[in-house]
Visitor: 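There's a structure below that I have some questions on.
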Number of protein chains: 2
Amino acid sequence: MRTAGRPTLEAVARRAGVSRATVSRVVNGSTTVAEEIREAVHRAVAELGYVPNLAARSLVTQRTDSIALVMPEDANRVFSDDQFFPGIIRGVSQELEAADKQLVLMLAGSPAGRERVARYTTGRHVDGVLFASLHAADPLPALLAQLGIPVVCNGRPLDGAGLPYVDVDHVGGVSRAVEHLIGTGRRRIATIAGPSDMVAGIERLAGYRQTVAAAGLSARVAVGDFTRESGAAAMRDLLAQHPDLDAVFVASDLMAQAALRTLREAGRRVPDDVAVIGFDDTETAAYTEPPLTTVRQPIQEIGRQMTRQLLRLAAGGSIEPALVLPTELILRDSA
Amino acid sequence: MRTAGRPTLEAVARRAGVSRATVSRVVNGSTTVAEEIREAVHRAVAELGYVPNLAARSLVTQRTDSIALVMPEDANRVFSDDQFFPGIIRGVSQELEAADKQLVLMLAGSPAGRERVARYTTGRHVDGVLFASLHAADPLPALLAQLGIPVVCNGRPLDGAGLPYVDVDHVGGVSRAVEHLIGTGRRRIATIAGPSDMVAGIERLAGYRQTVAAAGLSARVAVGDFTRESGAAAMRDLLAQHPDLDAVFVASDLMAQAALRTLREAGRRVPDDVAVIGFDDTETAAYTEPPLTTVRQPIQEIGRQMTRQLLRLAAGGSIEPALVLPTELILRDSA
DNA sequence: TTGTATGCGTTATCAT
DNA sequence: ATGATAACGCATACAA
């Protein structure tokens, strides 16, 4: 049996000729250690290549210094090629890195996956949980909050639970988009909405409805699920139901890209015959044919803000229950 | 000071009227426990809502039941909207879920980030490490391997270290693409290569070079970094340097999408004047104008296989040093 | 300022 | 088959 494992606090202490407690102090940056001794310890640490055992530390501190980011695996949106998923992760990572915490990624698509996430998070194996892109009314966030585990969601939780969340101004962005269409003379404005069990889908549709209503126009709605395929199908439906439409607001760039192609195949010119506006401003938007006018949302910033809020919560602080980030209309050639 | 923390093994033991050891056995599925007692324990566990403390377990078992996936944060490729990054993650997650292990995601873009990754992984806070999309000769993988920490890379490590890796058949895929161009009468075939410090960039360029050489054609090379922007710039260079080109193999779909646009802006028709073939077969490929002929690589499968290999390694097993997955030419309209 | 002693919640070894 | 008991590596209250 090799005792040749990695060096422990004990080993460093022996080497530096001090006690474990002192080494622990130095390692954790306590200021009440004599300069001389501190240096000796640092030297010993370097020589031995000592790295603290996180499990041991966690056992006594009751903290894990890691947080979980939960995403619904089956959301096509999450794994299609818009930047939503990577953007969120990147934002979260940046903030976490600054706080020297680890990111545990959990995909909760299948029932089994959801079960796993529930076990893991309720078991307090992380200091807090971030939920991205919730579907329907997921009971887990509220449950965790009840257990006293810090939770922050992306998008207002649909079950009305008073959980803290970070989201963008969907309605404002969509309004500006639709108003732009109206302002450029469009009157028969349709929409391809997102799924009705996701906040983003609901809010963007609401923004569309209230803006066309305010202008005295009638609504023409087809529903997709944020994927290109669904966008193409919805566009075909729309053309069949309302062949006279002269504009369409599409709730995601991916669906808009597909709609563009469907319109082209149907012989409609964009924007001459039909104006198209998307939502997201993913990189693709600038490369569609024609380049897509769209509503930009600061995805990465969502991740960052969610993380900041969570860390504040985990540190025992209090936060604002909701944080709404601005959206912006990006004008290109499609409308 | 509240002792109201979560229930421990001890609490369950008291409730079930047995010893801690027995509860531990039941929880870990030992078969040497009387049926009656086992049930009593299970009941107690359920009633108390007991969940094992992973830190404590990890402290004694010397395992963490989690593995790290390291990605170079600054690689534009990783965070642009091709599915590479999400695809790898998804594949890794699936396999990890099956093995009931956690995924710790680490972005190692900045020097500070790389430092963090090194500390964390060498500190054995994970049971193994997956490296995705390595840049240049990163010393970390080899270092970890030397420390006896299981490591699997995506793509053959450039420093020639004999580390196990999983990759796709770049050369084979590119050869088929270029041969297709030749077979359809193209003779002035250029390429937009990927970065020369990444395996994918190097291999795909090699595949191009050897195939055109074998056909007695001359090479025309421009270099990009897998991003759209770089693709557009490279395409402009190519048109300036070799205005007579009649085909271009582009090392990523993103760059190809930009090249398509650049060609269109330059008044070249695709595929009539210039044939274009990409690499990746991301979702976008089917929606470009015209739809992109491209080389498909099984991204998600890379993630799965890497994970399988790593778990095998972590379990003390041995694995093949290299696993090369097949690529496939997908014919659409651009070539 | 430094050292001693204790406990965090598990698993595993050894008796029984 | 079950129960004591000893680690695992660390942070911290308390003593010095």
Side-chain angles (χ1 to χ4, degrees), chain A residues 1-42 44-45 48-66 119-120 122-125 127, chain B residues 1-42 44-45 48-66 119-120 122-125 127:
Chain A
M1 181 195 288
R2 309 181 316 140
T3 330
R6 29 198 290 246
T8 71
L9 215 52
E10 176 70 37
V12 177
R14 269 201 308 271
R15 176 104 178 193
V18 297
S19 74
R20 288 203 312 253
T22 298
V23 177
S24 177
R25 290 187 189 104
V26 172
V27 168
N28 291 301
S30 166
T31 50
T32 68
V33 176
E35 186 54 32
E36 192 182 356
I37 292 196
R38 172 199 307 287
E39 289 202 356
V41 170
H42 275 141
V45 164
L48 265 40
Y50 169 75
V51 182
N53 180 317
L54 292 191
R57 173 179 286 171
S58 178
L59 187 55
V60 43
T61 60
Q62 305 280 35
R63 288 173 310 127
T64 63
D65 288 322
S66 67
R119 265 211 335 271
Y120 194 77
T122 58
R124 296 178 187 269
H125 302 317
D127 296 341
Chain B
M1 181 194 288
R2 309 180 319 138
T3 329
R6 29 199 289 245
T8 72
L9 215 51
E10 176 70 38
V12 177
R14 267 203 307 274
R15 175 104 177 193
V18 297
S19 72
R20 288 202 311 252
T22 298
V23 176
S24 177
R25 290 189 187 102
V26 172
V27 168
N28 291 300
S30 165
T31 51
T32 67
V33 177
E35 186 54 30
E36 192 182 356
I37 292 196
R38 170 199 307 287
E39 290 203 354
V41 170
H42 274 140
V45 165
L48 265 39
Y50 169 76
V51 183
N53 180 318
L54 292 191
R57 172 180 290 171
S58 179
L59 186 56
V60 44
T61 59
Q62 306 278 36
R63 289 174 310 128
T64 63
D65 287 323
S66 66
R119 266 209 337 269
Y120 194 77
T122 58
R124 297 178 187 268
H125 302 317
D127 296 341

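Residue numbers begin at 1 in each chain, while the letters A, B, ... track the order of the sequences. Given the structure is predicted, the values throughout are model-derived calculations rather than measurements. Only heavy atoms go into these numbers, but all of them, side chains included; no hydrogens, no water, no symmetry mates.
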Visitor: Using atom CZ of A/Arg124 as one end and atom P of C/dC8 as the other, report the distance to the nearest whole Å.
Guide: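 Value for this atom pair: 17 Å.
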Visitor: Could you give the start and end, 5' to 3', of the contact zone on DNA chain D for chain A, using atoms under 4.0 Å from its heavy atoms?
Guide: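 Under 4.0 Å from chain A, the extent on DNA chain D is D/dG9 to D/dA13.
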Visitor: Classify B/Ile37 by what it touches in the nucleic acid, base, sugar-phosphate, or nothing, heavy-atom distance under 4.0 Å.
Guide: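 Sugar-phosphate, backbone atoms only, no base.
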Visitor: List the atom pairs, donor and acceptor, that lie under 3.5 Å between side-chain atoms in residues 28-38 of chain A and the rest of the protein, sequence neighbours left out.
Guide:
{"residue": "A/Asn28", "atom": "OD1", "partner": "A/Arg57", "partner atom": "NH2", "Å": "3.4"}
{"residue": "A/Asn28", "atom": "ND2", "partner": "A/Ser24", "partner atom": "O", "Å": "2.9"}
{"residue": "A/Asn28", "atom": "ND2", "partner": "A/Ser24", "partner atom": "OG", "Å": "3.4"}
{"residue": "A/Ser30", "atom": "OG", "partner": "A/Thr32", "partner atom": "N", "Å": "3.3"}
{"residue": "A/Ser30", "atom": "OG", "partner": "A/Thr32", "partner atom": "OG1", "Å": "3.1"}

Visitor: According to salt bridge (Lys or Arg N to Asp or Glu O under 4.0 Å), who are the partners of B/Asp127, at least two apart in sequence or on a separate chain?
Guide: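 Once residues adjacent in sequence are excluded, B/Asp127 has no partner under the salt bridge (Lys or Arg N to Asp or Glu O under 4.0 Å) criterion.
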Visitor: Do any side-chain atoms of residues 9-17 of chain A form donor-acceptor pairs under 3.5 angstrom with protein atoms, and if so which ones, sequence neighbours left out?
Guide:
{"residue": "A/Glu10", "atom": "OE1", "partner": "A/Arg20", "partner atom": "NH1", "Å": "3.3"}
{"residue": "A/Arg15", "atom": "NE", "partner": "A/Glu47", "partner atom": "OE1", "Å": "2.8"}
{"residue": "A/Arg15", "atom": "NH2", "partner": "A/Glu47", "partner atom": "OE1", "Å": "2.8"}

Visitor: Do B/Asn53 and B/Arg6 have side chains that approach each other closer than 4.5 Å (heavy atoms only, starting at C-beta)?
Guide: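 A side-chain contact under 4.5 Å exists here.
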Visitor: With sequence neighbours left out, write down each residue that passes side-chain hydrogen bond (donor to acceptor under 3.5 Å, both in side chains) with A/Thr8, or none if nothing qualifies.
Guide: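 Testing A/Thr8 for side-chain hydrogen bond (donor to acceptor under 3.5 Å, both in side chains), a comparison that skips the adjacent residues, returns none.
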Visitor: Roughly how many Å is it from CD in A/Gln62 to P in C/dT10, rounded to a whole number?
Guide: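 One finds 11 Å between P of C/dT10 and CD of A/Gln62, rounded.
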Visitor: Yes or no on side-chain contact (heavy atoms from CB on, under 4.5 Å) for A/Val41 and A/Val18, after CA distance, side-chain angles and deciding distance?
Guide: CA-CA 8 Å; A/Val41 170; A/Val18 297; 4.1 Å; yes
Visitor: Between atom CD in B/Glu10 and atom P in C/dG7, what is the gap in whole Å?
Guide: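 Distance check: B/Glu10 CD to C/dG7 P gives 13 Å.
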Visitor: What does the inter-axis angle of the helix from C/dT1-D/dA16 to C/dT16-D/dA1 come out as, five pairs per end, nearest 10 degrees?
Guide: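 Overall, the helix from C/dT1-D/dA16 to C/dT16-D/dA1 bends by 30° from one end axis to the other.
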Visitor: Any side-chain heavy atom of B/Arg119 within less than 4.5 Å of one from A/Val51?
Guide: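 SC-SC contact between B/Arg119 and A/Val51 ruled out.
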Visitor: Which pair of heavy atoms, one from A/Arg63 and one from A/Ser58, lies closest together, and at what distance?
Guide: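 Closest pair (atom of A/Arg63, atom of A/Ser58, distance): O-OG, 2.6 Å.
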Visitor: Under 3.5 Å between N/O atoms: give me all the protein pairs with nucleotides 11-15 of chain C, atom names plus distance.
Guide:
{"residue": "C/dT11", "atom": "OP1", "partner": "B/Asn28", "partner atom": "OD1", "Å": "3.3"}
{"residue": "C/dT11", "atom": "OP1", "partner": "B/Asn28", "partner atom": "ND2", "Å": "3.0"}
{"residue": "C/dT11", "atom": "OP1", "partner": "B/Arg57", "partner atom": "NE", "Å": "2.8"}
{"residue": "C/dT11", "atom": "OP1", "partner": "B/Arg57", "partner atom": "NH2", "Å": "3.1"}
{"residue": "C/dT11", "atom": "OP2", "partner": "B/Ser24", "partner atom": "OG", "Å": "2.6"}
{"residue": "C/dT11", "atom": "OP2", "partner": "B/Asn28", "partner atom": "ND2", "Å": "3.4"}

Visitor: Would you please name every residue forming a side-chain hydrogen bond (donor to acceptor under 3.5 Å, both in side chains) with A/Ser19, sequence neighbours left out?
Guide: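 So A/Ser19 forms a side-chain hydrogen bond (donor to acceptor under 3.5 Å, both in side chains) with A/Thr22.
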Visitor: List in chain and number order the residues that pass ring pair (Phe, Tyr, Trp, His ring centres under 6.0 Å) with A/Tyr50, two or more places apart in sequence or in another chain; answer none if no residue qualifies.
Guide: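 A/Tyr50 satisfies ring pair (Phe, Tyr, Trp, His ring centres under 6.0 Å) with no other residue.
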